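Along the sequence shown, the residues carry numbers beginning at 1. Source: prediction; values computed, not measured. Every number for a ligand or one of its atoms is a count from 1 in the order of the listing.
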Amino acid sequence: MAVPELHPLLRDRRSTRQYDPTHELDDGVLVQLLEAARWSPSAGNSQPWAFLVARRGDEAHDKLVGTLSRGNTSWVPTASAVLISLFRAGADEDPTFAYSDYAAYDLGQAVAHLTVQAQASGLSVHQFAGFDHARVAELFAVPPAWQVTTGIAIGLHQPREEESRPRVRREIGEFAFSGTFGTPFTP
Ligand SMILES: Cc1cc2nc3c(=O)[nH]c(=O)nc-3n(C[C@H](O)[C@H](O)[C@H](O)COP(=O)(O)O)c2cc1C
């Protein structure tokens with residue numbers, strides 16, 4: 001079956017490890033990325049996400065770089081900015097937030113929207129889990145109701161030859177089902 005090609009914003013997205021280490025992220029563009037997250041849908045419009053914002057060279061960035069796992073130290077610091085994503089995992093005294101069972105889902109979707117906006121703005125996003133979450137919570141005084149989740153490196157992709165690894169994915173029939181769970185969907 002001929003599958004129509006994806007939109008270029010999705011087709012061309014990659015989690016690069018090769019950032020231009022001199023690129024500075026414009027304030028307006030950074031806010032635009034947060035706007036993309038802000039306008040994503042969420043259960044009951046609960047908007048249960050938060051982001052710690054750090055830019056290469058500032059104090060928050062220095063703190064974050066110190067928490068990276070070994071595999072991420074070579075490339076995360078070269079990105080122009082790093083966000084740490086959080087979702088509201090529990091209830092507390094704050095009356096502005098209603099507890100939602102879908103908070104993790106909503107955060108993921110907000111980050112997906114941010115990622116697509118970054119791609120549209122000519123930037124590359126690479127999400128990462130390899131950092132010391134507990135240490136970040138401590139360093140940034142994160143309240144207990146909030147779950148530190150992923151890092152989001154944002155910057156200008158600087159292509160070099162060694163990054164042409166083939167990309168692999170499960171087939172659609174392995175994750176889209178019809179009838180009963182596990183029965184591959186066939187169009
Ligand atoms: C929640 C999450 C955690 C990830 N953690 C890391 C990480 O710690 N280090 C890393 O290099 N990439 C990390 N990645 C990137 C994935 O490895 C990458 O998205 C996947 O291999 C698919 O490649 P692509 O994004 O280029 O299509 C993570 C991605 C996600 C969504």
Side-chain angles (χ1 to χ4, degrees), residues 3-21 23 25 33-34 36-38 40-42 48-54 56 60-89 100-140 142 146-176:
V3 181
E5 196 163 86
L6 290 180
H7 190 284
L9 290 177
L10 300 174
R11 185 194 64 203
D12 299 336
R13 185 204 58 78
R14 298 280 184 286
S15 296
T16 184
R17 286 170 166 253
Q18 301 177 349
Y19 286 106
D20 176 348
H23 174 261
L25 201 54
L33 297 179
L34 294 169
R38 180 175 173 234
S40 68
S42 60
W49 48 70
F51 298 94
L52 302 170
V53 181
R56 199 181 50 243
H61 190 264
D62 287 348
K63 287 202 278 188
L64 286 179
V65 164
T67 71
L68 294 174
S69 63
R70 203 147 48 93
N72 291 332
T73 51
S74 62
W75 61 273
V76 174
T78 61
S80 315
V82 180
L83 309 181
I84 296 291
S85 74
L86 307 95
F87 71 91
R88 198 172 153 80
S100 163
D101 280 335
Y102 297 95
Y105 182 96
D106 292 342
L107 171 63
Q109 185 158 212
V111 176
H113 284 210
L114 180 155
T115 300
V116 174
Q117 180 59 54
Q119 188 75 15
S121 303
L123 296 165
S124 278
V125 164
H126 189 153
Q127 299 168 58
F128 59 94
F131 65 95
D132 185 337
H133 292 58
R135 184 76 183 124
V136 166
E138 191 182 313
L139 286 171
F140 290 86
V142 173
W146 289 86
Q147 172 85 50
V148 174
T149 307
T150 54
I152 304 167
I154 304 163
L156 192 62
H157 178 50
Q158 187 179 60
R160 292 192 295 275
E161 254 175 40
E162 67 268 29
E163 197 175 62
S164 49
R165 275 178 291 158
R167 300 171 82 223
V168 288
R169 288 298 193 264
R170 291 193 292 150
E171 296 300 330
I172 288 175
E174 294 177 62
F175 64 81

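Residue R14 has no N or O atom closer than 3.5 Å to an N or O atom of ligand 1.
A pairwise comparison of heavy atoms in T16 and H126 identifies O-ND1, 2.7 Å as the closest pair. Nearest heavy atoms, Q158 versus P21: OE1-CD, 3.8 Å. Across R170 and F175, no two heavy atoms sit closer than the pair NH2-CB, 3.6 Å. Taking both residues in full, the closest heavy atoms of T149 and H133 are given as O-NE2, 2.8 Å, listed atom of the first, atom of the second, then distance. A pairwise comparison of heavy atoms in W146 and P48 identifies CZ3-O, 3.5 Å as the closest pair. Taking both residues in full, the closest heavy atoms of R11 and R167 are given as O-NH1, 4.3 Å, listed atom of the first, atom of the second, then distance.
When heavy-atom distances to ligand 1 are checked against a 4.0 Å cut-off, W75 comes that close only through its side chain, counted from C-beta outward.
Those atoms of ligand 1 with a heavy atom of R13 less than 4.0 angstrom away are 24 (P), 25 (O), 27 (O). If you number the atoms of ligand 1 from 1 as listed, the ones under 4.0 Å from a heavy atom of R169 come out as 22 (C), 24 (P), 27 (O). For ligand 1, the atoms sitting less than 4.0 Å from at least one non-hydrogen atom of G130 are 8 (O), numbered in the order shown with element in parentheses.
Between W75 and F128, the ring planes are perpendicular. Angles over 60° get that label, and only those under 30° would be called parallel.
Among all non-hydrogen protein atoms, the one lying nearest atom 7 (C) of ligand 1 is F128 CB, 3.5 Å. What sits closest to atom 31 (C) of ligand 1 on the protein, heavy atoms only, is Q127 OE1, 3.8 Å. For atom 11 (O) of ligand 1, the closest non-hydrogen atom of the protein is R17 NH2, 2.7 Å. In this structure, atom 5 (N) of ligand 1 lies nearest to the protein heavy atom A129 N, 2.9 Å. Ranking the protein heavy atoms by distance from atom 9 (N) of ligand 1 puts N72 OD1, 2.9 Å first. Of the protein's non-hydrogen atoms, the one nearest atom 19 (O) of ligand 1 is S15 OG, 3.3 Å. The shortest contact between atom 1 (C) of ligand 1 and any protein heavy atom is with T150 CG2, 3.7 Å. Looking from atom 17 (O) of ligand 1 to the surrounding protein, the closest heavy atom is H126 NE2, 4.9 Å.
Counting non-hydrogen atoms of other residues, nucleotides and ligands closer than 6.0 Å to CG of L9 gives a total above 12.
Less than 4.0 angstrom separates atom 22 (C) of ligand 1 from at least one non-hydrogen atom of the protein.
Using modelled atom types, one finds a donor on one side chain and an acceptor on the other under 3.5 Å when comparing T150 with S85.
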